[in-house]
Amino acid sequence: MVEVDGPSMVPTLEHGDWLLVRYGARVRPGDVVILRHPFQQDLLVVKRAVERREGGWWVLGDNAFAGGDSTVYGVVPRAMVLARVTARLRPRPTGGHGREPVRGVRATLGWAYSAVRPVRSEVSLSRRLRAR
């Protein structure tokens, strides 16, 4: 399990989401992956593997305004791509400032409906991004 910190993968993933990952899994274009940051190797980041290039993977965040992807640091070596994301768990919403989870039937059903989702490849997205 890995926790998301930051907005780079919005709307697919949000700050505070928990990710179920599979280390060493085969990566295909469109997969969401966990990788070591090329310039800060003690930092793990979440990005979408867009295409395989000579020397590694071209990765992008789903939020084009957040930055911090291959447009900044180039191709990421294959050895730095550690895991493929398989599912996300959205935490239960709180009343704010770390209070108790929001209660009520409607709030609980809304959360339960969207809390656990598989994270799928965005093949159409990767094709569109390659064309740029």
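Counting begins at 1 with the first residue of the sequence.
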Task: Charged N-O contact under 4.0 Å between R48 and D31 - done: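 Here R48 does not pair with D31 in a salt bridge, since their nearest N and O are not under 4.0 Å apart.
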
Evaluate the side-chain proximity of [Y] to [X]: yes if any heavy-atom separation is below 4.5 Å, no if none is.
X: L89; Y: L20; value: no
X: I34; Y: V45; value: no
X: V76; Y: S70; value: yes
X: K47; Y: V32; value: no
X: R28; Y: R52; value: no
X: H15; Y: D5; value: yes

Task: From L44 atom CG to R36 atom CZ, the distance as rounded to the nearest 0.5 Å - done: 6.0 Å

TODO: List in chain and number order the residues that pass salt bridge (charged side-chain N to carboxylate O under 4.0 Å, His left out) with D17, two or more places apart in sequence or in another chain; answer none if no residue qualifies.
DONE: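 For D17, the residues satisfying salt bridge (charged side-chain N to carboxylate O under 4.0 Å, His left out) (neighbours in sequence not counted) are R90.
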
Open item on the list: For A25, give me all partners under side-chain contact (heavy atoms from CB on, under 4.5 Å), at least two apart in sequence or on another chain.
Closed with: R22, R84

Task: By side-chain contact (heavy atoms from CB on, under 4.5 Å) - contacts of P7 (at least two apart) - done: V10, N63, A66

Mind checking whether [X] and [Y] sit in one hydrophobic cluster, side chains of I, L, V, M, F, W, Y counted as touching below 4.5 Å?
X: V75; Y: V72; result: no
X: V33; Y: M80; result: yes
X: V27; Y: V59; result: yes
X: L13; Y: L43; result: no

TODO: Mind checking side-chain hydrogen bond (donor to acceptor under 3.5 Å, both in side chains) for T86 and listing every partner two or more places apart, or none if nothing turns up?
DONE: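 For T86, no residue satisfies side-chain hydrogen bond (donor to acceptor under 3.5 Å, both in side chains) once neighbours in sequence are set aside.
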
Task: Partners passing side-chain hydrogen bond (donor to acceptor under 3.5 Å, both in side chains) against R53 (at least two apart in sequence or in another chain) - done: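 Partners of R53 under the side-chain hydrogen bond (donor to acceptor under 3.5 Å, both in side chains) test: E51.
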
TODO: Measure from the side-chain N and O atoms of D69 to the backbone N and O of T71, and report whether any donor-acceptor pair falls under 3.5 Å.
DONE: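 Confirmed, D69 side chain pairs with T71 backbone.
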
Open item on the list: Under the criterion side-chain contact (heavy atoms from CB on, under 4.5 Å), I'd like the reasoning laid out for R88 against E14: C-alpha separation, chi angles, the key distance, then a yes or no.
Closed with: CA-CA 10 Å; R88 74 119 168 107; E14 294 181 12; over 6 Å; no

Task: Where at least one partner belongs to residues 42-77, residue pairs that pass ring-ring contact (aromatic ring centres under 6.0 Å, His included), sequence neighbours excluded - done: H37-Y73

Open item on the list: Given V85, which partner from the list V2, L19, T12 fulfils the side-chain contact (heavy atoms from CB on, under 4.5 Å) test?
Closed with: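 Considering V2, L19, T12, a side-chain contact (heavy atoms from CB on, under 4.5 Å) with V85 is found only for L19.
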
- [ ] Specify the closest pair of heavy atoms between G16 and P91, including all atoms of both residues, with the distance to one decimal.
- [x]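 Residues G16 and P91, closest heavy atoms: O-CG, 3.2 Å.
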
